[in-house]
Amino acid sequence: MDLLFTQLLNGLTAGAEYALVAAGLALLFGILQIVNFAHGEFYMLAAFILYVLLAVVGLPYYAAAPLTVLLMACAGVLFYAIVISRVISRPWQIQLISTLALSIVMINLAIVLSGPTPRYVESPLNNVILDLGSVRISAQRVLVLLGTIVSFAALYLGLKYTRTGKAMRAVAQNREAAAVVGIGVPVIGLVTTVVAASFAGLAGALIAPLYAVGPTMAVLVNIKAFAAVIVGGFGNVKGAIVAAFVIGLLEAASTTLISTEYTDAIVFGGMILILLFRPNGLFGKAVRVG
Amino acid sequence: MDAISSRFMRDYGWLLILLVAAALVPVFSQSNYYISIGINALIIVCLAVSFDLVVGRVGALSFAQPVFYGFGMYVAALLAVNLEMGFWWQVIAAMAGGMLLALVVGIPSFRLNLHAFAIGTLGFATIAHLIATNWMEVTQGPMCVAGVPRATIPLGFMEIAPWKLPQQYYFILTIAAMVVVASVAINRRKLGLAFQAVRDDPVLAASNGFFPTSLRLTAFAVAAAFSAVAGVFAAQFQTVVCPDSFSTATTVTLLIVAFIGGRASLRGVLTASIIFTVLPQVLRIADEWRMVIFGLLLLVIVLSAPDGIEHLFQRVERWRKGRREGGKASGVSAQPFAADTIADITPLGAEERIDGGHLRISGLSKAFAGVKAVDDLSLEVRPGELVGLIGPNGSGKSTTLDCISGITKPDAGRVELDGIDITGMSSSALAKRGLVRTFQSTRVYETLTVRQNLAVALHGRQSIMAEWASYLSPQSESRSFRERADHLIETLNLKHVEHRKAGELSYGQRKLVQFAASVISPPRVLLLDEPLAGVNPTIINLFMRHIAANHGAGLTIILVEHNLGVVVQLCERLVVLEQGRKLADGNPHDVMGTPSVQEAYLGR
């Protein structure tokens with residue numbers, strides 16, 4: 001019972017990590033049709049920002065975490081200005097390679113600047129253990145799950161009810177038509193990029209204290225988030241989030257039941273299997289051509 | 001003879017010069033250090049040229065190329081260490097295994113759209129790396145397969161001694177030259193044109209009778225075989241094979257070479273492979289900084305000059321050409337068009353009659369997200385009939401054509417061609433049976449010339465056997481093609497642009513090219529989706545005469561069109577659709593007189 005609960009919790013935490021990254025990826029893909037290979041590295045950057053704020057600047061966690069999200073939102077503005085705005089109307093290979101190049105630069109710059117040794121981020125909540133009868137859970141994990149739920153609820157409501165959210169959905173459906181009715185597509189592009197980067201920031205602020213922080217920490221996370229976006233149906237944000245949690249839980253299950261080494265192989269194998277039968281993802285719709 | 005040799009020198013001279021220069025490297029380098037840099041550069045040349053076959057020529061961004069290279073290395077190492085197999089057996093095993101692996105990975109991955117294909121191949125690369133790291137019994141994981149014996153390579157007339165670097169250098173130079181020659185050869189044969197067609201527009205390629213997935217798989221498998229051979233050689237050269245041979249560093253180098261060189265540009269890719277393998281070694285840049293610099297370079301190049309080095313080559317060429325011609329105006333002057341000069345428009349193969357197909361559609365339905373685009377539609381088109389299909393926007397005309405031509409699968413219903421059930425067949429298979437369509441959103445192969453557009457369309461329409469049997473024949477035009485193409489180009493007033501790329505043409509000219517491609521090999525059923533939308537009266541006139549001529553020769557035609565004047569004039573029968581259902585069917589005069597049709601059309 002205890003083991004089951006622990007594994008369930010591990011699965012949910014990993015799922016939250018993938019979901020926070022995948023949500024940004026799905027937003028960028030769904031609204032701007034951009035595949036962002038550097039998105040995982042935003043998560044890595046956020047984790048390093050948190051590390052610097054805590055260990056170098058010496059801020060308390062409660063101040064450093066929100067500041068991390070804010071700084072990542074600023075990074076989103078830069079990302080939009082330097083990369084996205086230049087490639088948004090270019091062929092998809094160009095978009096993909098430009099973000100891949102950015103990811104390479106970020107990873108290797110991190111290696112040069114910090115060395116390959118992992119660092120650890122201390123959060124006071126790591127040491128607060130909540131005792132729930134037979135099971136014990138660290139307060140940081142509770143914060144991760146709560147933060148994830150709250151942020152997704154905010155995203156959902158924002159997309160559904162605010163004017164900006166409606167405009168974002170309009171751009172997702174048809175960029176030209178949205179521009180014709182007076183929606184400022186560049187502004188929506190900027191907002192989307194900032195929201196996506198903030199979610200990566202949130203992932204770093206919440207989850208970095210649980211895992212080691214290092215230059216390549218996000219490589220696999222990013223590929224799994226991609227798997228979630230694909231399985232969830234290309235740009236379908238809800239689908240991607242659900243798929244991310246499924247992947248997290250599947251991993252926890254296969255770690256317990258099968259083997260640790262091949263967990264990742266099982267996840268990607270599963271992704272390929274699903275795509276064999278549902279080439280448009282689980283929640284995707286067939287696209288009309290011609 | 002002189003002309004041929006000078007043409008050969010113009011086309012291949014630079015490759016020969018490059019080869020001679022490469023061959024001289026060991027002669028002039030005092031130390032083995034430079035020779036081994038050269039060997040590494042040549043391995044990258046092999047990989048980059050095969051990578052570009054997939055990324056540049058068929059336009060599928062794959063991250064799996066280093067996997068096939070690593071696969072070749074492991075096959076060689078394991079066969080040599082465990083079974084003591086000789087070099088050539090290793091090559092055979094790696095090539096065969098690499099191609100098989102490419103099919104296993106490619107068949108499911110190419111079902112996806114190309115975005116997902118890219119990510120899928122990245123997943124595959126990750127799995128391969130995990131297997132190499134964790135399958136201790138076979139690969140020895142991170143401990144690597146060490147002590148791979150440097151095989152002597154028997155060549156028949158001599159043996160390559162493994163410890164002599166210059167000999168190794170010349171051997172890999174030979175392999176690289178062979179890969180380059182193979183790549184050039186593919187590009188110069190009909191296969192090259194078909195690859196380019198699939199890259200430019202897979203939907204159009206399918207409707208011309210090509211099977212885009214088979215062509216992509218061919219490129220993928222050939223590239224895999226090339227990379228695996230490079231891997232076999234690399235295993236002998238390095239003597240240690242580690243999981244890191246799958247590493248992202250190789251992928252990044254290949255991406256940089258392909259994109260900085262300029263996709264589908266051999267000269268660009270070759271130049272970039274040499275620059276980016278030799279320079280960091282010579283400048284002794286630390287590995288981690290090298291990746292930072294490479295990444296930044298890639299970013300800057302992609303953002304500012306997507307054609308990379310190829311772009312520079314083209315500028316130099318234009319400059320030299322400009323100097324030679326002494327500033328002569330090079331633009332094609334618009335040719336005044338006199339409709340009356342075209343005396344008669346006879347369809348292709350004018351003398352023979354076309355054996356028009358018999359199309360029967362029953363109970364056809366198709367819904368998109370709950371909206372019924374086509375609703376229980378039944379329609380029979382007899383051989384040689386010209387039926388106009390009209391209706392307000394959104395009445396299901398294009399979806400009907402999509403369902404007939406295999407672009408979309410109908411939810412229900414049956415389509416028969418000459419009594420054979422063709423429901424759900426791919427548009428490729430249907431095109432081979434003579435059922436051809438044009439698209440409302442005009443589709444042409446933008447990077448091919450007008451003549452090449454026609455040649456590709458003709459090639460795809462052949463039977464599968466004939467199509468694949470002639471892929472390795474040269475691109476020169478056959479006599480029968482030349483006659484057909486000349487006739488169409490002449491009568492469609494495309495003569496002055498026949499050697500221009502279709503992407504440079506005006507909207508109306510593209511419509512004409514698309515139409516010409518659809519009839520270059522006489523179809524049996526032709527579905528025309530708004531051929532006249534947005535073109536000028538002269539072109540309308542051209543189209544009308546061509547449609548009438550093909551109709552006269554016996555071709556079965558369905559014409560979807562909004563220009564009612566034209567439809568009524570051309571067609572002997574009109575079918576009106578509204579909200580996916582048939583509203584009227586009969587001779588144009590009666591149909592246009594029906595009150596319900598007038599209401600649907602004129603909104604009374």
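Chain letters run A, B, ... following the sequence lines, proteins first, then strands; residues in each count from 1. Please read these numbers as outputs of a predicted model, since none were measured by experiment.
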Please examine the side chains of I293(B) and N108(A), heavy atoms only from C-beta on, and report whether any two atoms are closer than 4.5 Å.
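No. Closest side-chain heavy atoms not under 4.5 Å.
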Test item: F294(B) and V105(A) side chains (from C-beta on) under 4.5 Å apart, heavy atoms:
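Contact flag for F294(B)/V105(A) side chains = no.
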Counting heavy-atom pairs closer than 4.5 Å to chain B, which one of I111(A), L96(A), L102(A), V87(A) comes out on top?
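The option with the most such pairs is L96(A).
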What residue in S103(A), A227(A), S98(A) has the most heavy-atom pairs under 4.5 Å with chain B?
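With the most close heavy-atom pairs to chain B, the winner is S98(A).
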Could you pull out the closest heavy-atom pair between I104(A) and G295(B), with the gap in Å?
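Smallest heavy-atom distance, with atoms named: CG2-CA, 4.2 Å.
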Roughly how far apart are [X] [atom1] and [Y] [atom2], rounded to 0.5 Å?
| X | Y | atom1 | atom2 | answer |
| --- | --- | --- | --- | --- |
| L303(B) | I94(A) | CG | CD1 | 9.0 Å |
| M291(B) | L109(A) | CE | CG | 12.5 Å |
| I223(A) | L122(B) | CD1 | CG | 4.0 Å |

Take atom CZ of R86(A) as the centre, draw a 6.0 Å sphere, and report whether it contains more than 12 heavy atoms from other residues, nucleotides or ligands.
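It does not: R86(A) CZ has 12 such atoms or fewer within range.
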Under 4.5 Å from a heavy atom of chain B, the part of L100(A) involved:
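Contact with chain B is through the side chain of L100(A) alone.
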Using heavy-atom distances under 4.5 Å, tell me whether F110(B) contacts chain A through its side chain, its backbone, both, or neither.
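Contact with chain A involves no heavy atom of F110(B) at all.
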Between L299(B) and chain A, which part of the residue has a heavy atom less than 4.5 Å away: side chain, backbone, both or neither?
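Both backbone and side chain.
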Using a cut-off of under 4.5 Å on heavy-atom pairs, state which of L296(B), V292(B), L298(B) scores highest against chain A.
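Top option by heavy-atom pairs under 4.5 Å: V292(B).
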Checking side-chain contact (heavy atoms from CB on, under 4.5 Å) for the pair W289(B)/V112(A): CA distance, chi angles, key distance, verdict?
CA-CA 7 Å; W289(B) 275 111; V112(A) 172; 3.1 Å; yes
